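The structure appears right after this line, and notes come after that.
Every heavy atom of this structure was used, including side-chain atoms; hydrogens, water molecules and symmetry mates were not. Order of the sequence lines sets the chain letters (A, B, ...), proteins ahead of strands, with each chain counted from 1. All figures in this text were calculated on a predicted structure; none of them were measured in a lab.
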Number of protein chains: 2
Amino acid sequence: MPLTAAQQRTVNAAVDLFAEHGVGGTSLQMIADAVGVTKAAVYHQFKTKEEIVLAVAEGELARVEAALEIAEAEATPAAARDVLLEQMVALAIERRHMESTLLSDPVIVRFFAEHEPFRAVMGRLARVLMADERGREARVRAAMLTAAIGGAVMHPLVAELDDKTLRTQLLHLARSFLDLPD
Amino acid sequence: MPLTAAQQRTVNAAVDLFAEHGVGGTSLQMIADAVGVTKAAVYHQFKTKEEIVLAVAEGELARVEAALEIAEAEATPAAARDVLLEQMVALAIERRHMESTLLSDPVIVRFFAEHEPFRAVMGRLARVLMADERGREARVRAAMLTAAIGGAVMHPLVAELDDKTLRTQLLHLARSFLDLPD
DNA sequence: GTCTATACGCGGATAGAC
DNA sequence: GTCTATCCGCGTATAGAC
């Protein structure tokens, strides 16, 4: 179900505010003020705050799905995995400038853990990431790699690196973690 | 400054509730009920909710510091790094059973990012983790490794693995990421 | 479809009595 | 140390105007 114009304005404002103050730290009043309407007007667009969070999360999910589409179009599992690595790194780099807490927010995390559509996408992501491997080691490796790319961009240690350098290093080290050539 | 008995009871209750519902999802009323007193009594122990969060975060920090003490007692940087890896994996495994969101919670993350004592410990951790290396690659690698160990334990992909297996795999893969022997 | 007005309950926080 | 009472802001919710 596509969003109406008013809903889209609300979501856009919410994304910025969630990224800056966290979901729990963002009130409907703040969102309403940012859009330039009243609380009740926002509440009319989305029946609950959770629905706004859901819309924001779905927006994020859509980007991951787009990355998956590109990767899964490759001919071999190995090629798909490598393309997915590039996509994941690119998404993570974009994300780093939203003060953000957006994906580490418990509320968002809960959505990604509980709602089936999110789990399905995460399953696809894991499958491509593991290529043709199957064992425990491959699972742990995929879990670590996902966490490493997503978490490293927010780490103070890399705060001073510019986007291009960080992107190159992340991709290089991710490949080396998988014993892939550069 | 050590905690009074009443403060310790409050903190103990808070840790469990934060782990289950997140910081934002835990009200002072919930903490008060868990301890068996009123909200105002809790407020007498800690002037604000943030002070409770701080006390909880300091408890977590103390464990990381203890791990660092053990690692830094080693004779060489390489040995210190390897011992620290073991300690970090052990801490992460413990943590996995707190539904948790505790360390990924925006409120907690903010504390670790803004308060100097936390930054100092994180600096020590990074230093030991990088051993005698200095360059950009070492920094990104340390950031990825920290995120990978901390984040992987919560990943759905490894949910079915028992603690011992996960611990072994994490340590094995962390070492391989650093090109270390097992 | 979009908005205003208004009300209810809850969570964070403070003042002051015991 | 703990209580009662109270204040304010926010999230939820409804009725109704444009």
B:V37 side-chain proximity, nearest of D:dT2, D:dT14, C:dT14: D:dT2
C:dA13 phosphate, OP1 or OP2, under 4.0 Å from B:Y43 side-chain N/O: yes
Side chain of B:A40 - closest among C:dT14, D:dG1, C:dG12: C:dT14
Value rounded to 0.5 Å, distance of CE in A:M154 from CZ in A:R96: 11.5 Å
Length of the CD1-C1' vector between B:I52 and C:dA13, whole Å: 12 Å
Residue A:T48, side-chain heavy atoms: nucleotide from D:dT2, D:dT12, C:dG12 that is nearest: D:dT12
Interatomic distance where CD belongs to A:Q8 and P belongs to C:dG1 [whole Å]: 15 Å
Heavy-atom pair of closest approach, residues B:A138 and B:E133: CB-CB, 3.6 Å
Residues in salt bridge (Lys or Arg N to Asp or Glu O under 4.0 Å) contact with B:E69, at least two apart in sequence or another chain: B:R124
Out of D:dT12, C:dT2, D:dG1, whichever nucleotide has its closest atom nearest the side chain of B:Q45: D:dG1
From D:dG1, C:dG12, C:dC3, nucleotide with atom closest to B:T4 side chain: D:dG1
Distance, rounded to the nearest Å, where B:I31 contributes CD1 and D:dT2 contributes P: 14 Å
Spacing of A:L3 atom CG relative to C:dG1 atom P, expressed in whole Å: 12 Å
A:H172 side chain reached by B:E137 side chain, heavy atoms, under 4.5 Å: yes
Sugar-phosphate, base or nothing in reach of A:K39, heavy atoms under 4.0 Å: base
5'-most by nearest nucleotide on DNA chain D - B:R9 or A:G24: B:R9
d(CD, A:E50; C1', D:dC10) in whole Å: 16 Å
Between C:dC10 (C1') and A:L28 (CG): distance, integer Å: 15 Å
Separation of C:dC10 C1' from A:K49 NZ (nearest whole Å): 14 Å
A:T38 vs C:dC3: side-chain N/O to OP1/OP2 distance below 4.0 Å: no
B:T48 side chain to B:E51 backbone, donor-acceptor under 3.5 Å: yes
Separation of atom CG in B:D33 from atom P in D:dT2, rounded to whole Å: 14 Å
Check: A:A142 main-chain N/O paired with A:T146 side-chain donor or acceptor under 3.5 Å: yes
Donor-acceptor contact present, side-chain B:H155 to main-chain B:L157, <3.5 Å: yes
Touch class at under 4.0 angstrom, heavy-atom based, for B:T26 against every strand present: sugar-phosphate
Given C:dG11, C:dT4, D:dT4, the nucleotide with the shortest approach to the side chain of B:Q29: C:dG11
side-chain contact (heavy atoms from CB on, under 4.5 Å) between B:L129 and B:L85, intermediate numbers included: CA-CA 8 Å; B:L129 215 53; B:L85 278 186; 4.2 Å; yes
Proximity to the side chain of B:S27 - top-ranked nucleotide from C:dG11, D:dT14, C:dT2: C:dG11
Axis deviation across the helix from C:dG1-D:dC18 to C:dC18-D:dG1, five-pair ends, to the nearest 10°: 10°
